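No experiment lies behind these values; they were computed from the predicted model shown. Below, chains carry the letters A, B, ... as their sequence lines are ordered, and counting in each starts from 1.
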Amino acid sequence: MNHGKNVIHNAQDLSGKGLKRKMGFFVSACGWRVLRYFATPMRWSEFFIPTLREAPADAEIASHRLLLRAGLARKLSGGLYTYLPLGLRSLKKIEAIIREEMNSAGALEVFMPALQPTELWKRGPRFNAAKKVMFKAISSSDKNLNDTELVLGPTHEEVITDLVANHLNSYRHLPKNFYQIQTKFRDEIRPRFGLMRAKEFIMKDAYSFDADDAAASVSYRKMFAAYQRIFSRIGLQAKIVEADTGVMGGSFSHEFSVPCNIGESEIVFTDDGSYAGAIEKAVSRPHPRKAQAAPSDAPEKWPTPGVRTIENLTKKHGVAACDQVKTLVYIADSKPVLLLLRGDHTLCEDKVAALGFEEYRPATDAEIFDAMGAHPGSLGAVGVCKPKVAGIYADQDLKDEKGLVTGANEDGFHLKNVDMGRDIVPDRYLSLRLVQEGELSLPNEADPVGGKPLKIQRAIEVGHVFKLGTKYSQAFGATYLTQEGKSEPVVMGCYGIGVSRTLQAVIEQNCDEQGIRWPFAVAPFAVVITLLDTSLTPHALSLKESLEKSGLDVLLDDRDERPGVKFKDADLIGFPVRVTVGEKSWAAGGVEVKLRTEKTARTLPVSEALQVICGWAKAS
RNA sequence: CGGAGCGUAGCUCAGUUUGGUAGAGCACUUGCUUUGGGAGCAAGACGUCGCAGGUUCAAAUCCUGUCGCUCCGACCA
């Protein structure tokens, strides 16, 4: 790419007045004196903003296209992006908000290595689960690779717990919460949507260490509240949903999710907010069954030749799906198990994890016939026995149901009058099914009555808080001595925010046909001054200075471009406020000010314009 | 990793079926004109057509292999 013009300007700037004038120190909210990050040239002509009229063909969703078109980032290769100056400003603003809230919640910032010894992971409790996504990093100068193999860290529970095991030894040292903002590496099989799912991404991760479960709950609630403040300050509408703990392990978890139709997960919620859950966790009241159970003495076998599906049984024999039992065979830790669901319900595979298997998968037809003596479509749990089948697990909505129909374990036959508890005795009842849109919520703490209709929406997860328990502390020997001198494992929590993903989620949630509509808090610049006549440059500069004195960051569009180009670029990048300084409005007594979110501008004298803009910024 | 598709200028794409020595629009450079919503004219610069083999007098085009990327699925902040 030839950016000769910009390069020359930057070179002049370095050698001359520009940078020196803008360097300075400011006192950040955490009280440190920090080299002023925003010591960048604030003239467009000196900046580097390669906007694109057309988006690269591989950008599919709005935020990804805008990320590229507005000159915020560029792709190096699949899932790897360079942040350009403009995008980096927004990213740093998001990080600053996170830092402030984490610090004020009492967390301590650390910075852990991205390179981690494989040996550390092998000592931990989830090496096998994690290695799917890990990048290997091998020192090429080392001949004995086995001993020195390194990985690029996909996350840092192992590192921090190892640290803590060595240093938090007494109840007097607790509680503690450490966090960092670090690059994580995950070998995503399919990176997509720009920063939404990348191989390398920036994450804020925090880890809390407490003496007992009650104290850990306090830490959890602190982080939960900090997250609410963070997303609210960033300007992101994040829905909070009960979540599954997945491979992290642990007991309790919430996701902060941004609804958007390209989301990778689904969330279930009621309109009144009384219930919200991730799809792999959500529960509901099922639609009532059609048939009422008639008392019966025993299951009755009847021929159903050629019937292989639930739908078929409904059509040919008039048995409603909800009156049937769906019998699924899975191979869990190498043994066949039965999963039972109501005929009109769908299995949620993630929920099978609650049974504690290390791995599980649907059985093949051959495995099914071997275990059951019949083919799929004629399966049932009546009369099956161990050890052929290692376990029978039924969805909780089948509990106490009577008068059901299920396969007879003989091709071409079904059983009716089947009662749960009498004819089928599962090892355990639990929630196994997927919630369906329109079902009603169950009673819960927020709503003791329940019965609200449930909606389902795709969402992108930007934050996740876990109460981990002692899984990692036990693995790494992170114990402390109680007041009584007893050794106990510390109780952990972990808390993540996808920082780079959050940046793009803000764009996804704040854009229109013209471009981005940045919230003030994370806009790369709060104000753009669109200068249309060079004769007015001194006035534009003094306006810029006044705005900066009020604490706003301002970019002066001093490019030698036609007005249309400047307006289009301003809308595309999406500065919250645009001030137009041109002869037309100057003759009318002032400048034009306009919010990106509003259609029309208003012409005001400079002093009034200042007030209006500051008012907008304050109100945001 | 399974299925599908695409690699030609910085970006969007044509040219590939039927082999004949590289194109358009935008962007870039220079000049003139223009100047309140992505200007006009003129001149210019930019490509070993993803890479490696093969077929042929001749390959962007046909064949083989390979690499990269994108889309749909299983996984994740």
Side-chain angles (χ1 to χ4, degrees), chain A residues 1-6 50-61 64-65 68-69 71 74-80 129-134 154-156 181-205 227 238 243-244 246-248 255-258 262-265 280 349-350 361-362 459-466 494-505 514-515 530-534 559-572 578 580-588 592 594 599 601 603:
Chain A
M1 233 191 286
N2 181 0
H3 298 295
K5 201 175 181 181
N6 288 309
T51 57
L52 298 173
R53 191 180 290 203
E54 289 168 296
D58 52 17
E60 293 271 310
I61 61 166
H64 186 194
R65 297 168 64 86
L68 301 170
R69 285 191 58 208
R74 281 291 180 273
K75 184 171 82 167
L76 173 64
S77 83
L80 302 173
K131 67 183 176 189
K132 287 185 291 189
V133 297
M134 289 200 296
T155 176
H156 284 77
I181 296 177
Q182 238 282 22
T183 301
K184 311 281 179 177
F185 300 87
R186 292 192 193 168
D187 191 7
E188 291 295 341
I189 294 159
R190 185 141 101 86
R192 59 181 133 173
F193 304 137
L195 303 176
M196 285 295 194
R197 192 191 316 185
K199 288 184 181 170
E200 182 182 323
F201 60 96
I202 300 168
M203 181 171 166
K204 187 286 302 174
D205 46 328
Y227 273 39
D244 189 46
V247 292
M248 293 299 268
E255 277 175 24
F256 289 70
S257 284
V258 178
I262 58 100
E264 61 209 350
S265 59
E280 67 270 14
E349 277 206 353
D350 293 311
R361 59 169 173 86
I460 187 91
E461 185 182 340
V462 289
H464 207 152
V465 291
F466 294 90
C494 76
Y495 316 93
I497 293 179
V499 180
S500 39
R501 172 181 281 189
T502 297
L503 174 73
Q504 202 180 321
Q514 312 306 316
T530 303
L531 178 62
L532 299 184
D533 297 284
T534 47
R559 292 175 300 168
D560 181 20
E561 287 288 355
R562 299 164 64 85
V565 173
K566 295 190 172 198
F567 292 141
K568 288 284 185 192
D569 272 345
D571 287 346
L572 174 62
R578 189 181 80 202
T580 309
V581 178
E583 263 164 9
K584 199 189 266 182
S585 47
W586 196 256
E592 284 161 59
K594 179 184 167 299
K599 278 216 173 86
T603 304

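- Here, B:rC49 and B:rA22 have their C1' atoms 8 Å apart, quoted to the whole Å.
- Between A:Phe256 and A:Ile497, the closest side-chain pair of non-hydrogen atoms is not below 4.5 Å.
- In this structure, A:Thr580 contributes its side chain and A:Thr530 its backbone to no donor-acceptor pair below 3.5 Å.
- Both geometric conditions, a ring-centre gap below 5.5 Å and a plane tilt below 30°, are fulfilled for A:Phe201 over the base of B:rA77.
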Yes or no on side-chain contact (heavy atoms from CB on, under 4.5 Å) for A:Tyr495 and A:Lys204, after CA distance, side-chain angles and deciding distance? CA-CA 8 Å; A:Tyr495 316 93; A:Lys204 187 286 302 174; 4.0 Å; yes
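- In terms of modelled atom types and a separation under 3.5 Å, the side chain of A:Arg578 and the main chain of A:Lys594 share no donor-acceptor contact.
- Nucleotides B:rU55 and B:rC1 place their P atoms 32 Å apart, quoted to the nearest Å.
- Among the heavy atoms of the strands, none lies under 4.0 Å from A:Asp205.
- Under the 3.5 Å distance criterion, the side-chain polar atoms of A:Arg501 are matched with a main-chain donor or acceptor of A:Met196.
- Nearest to the side chain of A:Pro56, among B:rG38, B:rG37, B:rU12, sits B:rU12.
- B:rC51 is paired with B:rG65 under the Watson-Crick or G-U wobble criterion, all donor-acceptor distances under 3.5 Å.
- Between B:rA4 and B:rG19, the two P atoms lie 28 Å apart (nearest whole Å).
- On the P atoms, B:rA39 is 48 Å away from B:rA58, given to the nearest whole Å.
- Residues A:Tyr227 and A:Val462 have side chains not in contact (no heavy-atom distance under 4.5 Å, counting atoms from C-beta outward).
- The backbone N or O of A:Glu583 lies less than 3.5 Å from a partner atom in the side chain of A:Asp533, making a donor-acceptor pair.
- Using a 4.0 Å heavy-atom cutoff across all strands shown, A:Ile202 reaches no nucleic acid atom at all.
- The residue among A:Pro191 and A:Gly463 whose nearest nucleotide of RNA chain B is located toward the 5' end is A:Pro191.
- On a pure distance criterion of 3.5 Å, no polar donor-acceptor pair joins the side chain of A:Arg53 and the base of B:rG10.
- Base contact: A:Arg69 has a heavy atom under 4.0 Å from a base atom.
- The backbone N or O of A:Phe193 sits less than 3.5 Å from a side-chain atom of A:Gln504, completing a donor-acceptor pair.
- Pair assignment for B:rU70: B:rA4, on the basis of Watson-Crick or G-U wobble contacts that are both within less than 3.5 Å.
- Distance, A:Leu80 CG to B:rG68 P: 13 Å, rounded to whole Å.
- Of all nucleotides present, none satisfies the Watson-Crick or G-U wobble test against B:rU35 with each distance under 3.5 Å.
- If you check every strand for non-hydrogen atoms under 4.0 Å, A:Val565 touches a base.
- Across every strand in view, B:rU18 sits unpaired, with no contact that passes the Watson-Crick or G-U test at under 3.5 angstrom.
- The separation of B:rC67 from B:rA52, taken at their C1' atoms, amounts to 10 Å, rounded to a whole angstrom.
- If you take CG of A:Asp187 and P of B:rC76, they are 14 Å apart, rounded to a whole angstrom.
- Picking from B:rG37, B:rC69, B:rA77 the nucleotide with the shortest atom distance to the side chain of A:Asp58 gives B:rC69.
- A:Asp569 places its CG atom 12 Å from the P atom of B:rG38, with the value rounded to the nearest Å.
- You'll find the side chain of A:Pro362 reaches within 4.5 Å of the side chain of A:Glu349, heavy atoms only.
- By the 4.5 Å heavy-atom criterion applied to side chains, A:Asp58 and A:Lys75 are counted as neighbours.
- When both distances must be under 3.5 Å, the Watson-Crick or G-U wobble mate of B:rG44 is B:rC28.
- Contact between the side-chain N/O atoms of A:Lys75 and the OP1/OP2 oxygens of B:rU70 is found at a separation under 4.0 Å.
- Across all strands shown, A:Ala198 has heavy atoms under 4.0 Å from base atoms, whether or not it also approaches the sugar-phosphate.
- Look at CZ on A:Phe567: it is 13 Å from P on B:rA39, rounded to the nearest Å.
- Note on A:Ser585: a base of the nucleic acid sits closer than 4.0 angstrom, heavy atoms only.
- Across all strands shown, B:rA9 forms no Watson-Crick or G-U wobble pair with both distances under 3.5 Å.
- As judged by a 4.0 angstrom heavy-atom cut-off over every strand, A:Gly496 is placed among residues making no nucleic acid contact.
- Put simply, the side chain of A:Ser265 gets close to the backbone of A:Ala459: a donor and an acceptor are under 3.5 Å apart.
- Note: CZ (A:Phe193) to P (B:rC71) measures 7 Å, nearest angstrom.
- Remark: the separation of the P atoms in B:rU21 and B:rG3 is 39 Å, to the nearest Å.
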Below 3.5 Å is the cut-off: list the nitrogen or oxygen pairs between protein and nucleotides 33-35 of chain B, distance only.
from, atom 1, to, atom 2, distance (Å)
B:rU34, O2, A:Arg562, NH1, 2.5

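- Scanning atom types as modelled, one donor and one acceptor separated by under 3.5 angstrom connect the side chain of A:Arg197 and the base of B:rC75.
- Of the listed nucleotides (B:rC72, B:rA77, B:rG37), B:rC72 has the atom at the smallest distance from the side chain of A:Arg192.
- If you find the closest nucleotide of RNA chain B to A:Gly79 and to A:Thr51, the one lying nearer the 5' end belongs to A:Thr51.
- If you take atom P in B:rC62 and the same atom in B:rU17, they sit 5 Å apart, rounded to whole Å.
- Contact of A:Glu592 with B:rG36 (side chain to base): a donor-acceptor pair of N or O atoms is detected under 3.5 Å.
- When each of B:rG36, B:rG25, B:rG37 is scored by its nearest atom to the side-chain atoms of A:Glu54, the top-ranked nucleotide is B:rG25.
- Rounded to a whole angstrom, the distance from the P atom of B:rC51 to that of B:rG68 is 15 Å.
- Atom NZ in A:Lys204 sits roughly 11 Å away from atom C1' in B:rA77 (whole-Å rounding).
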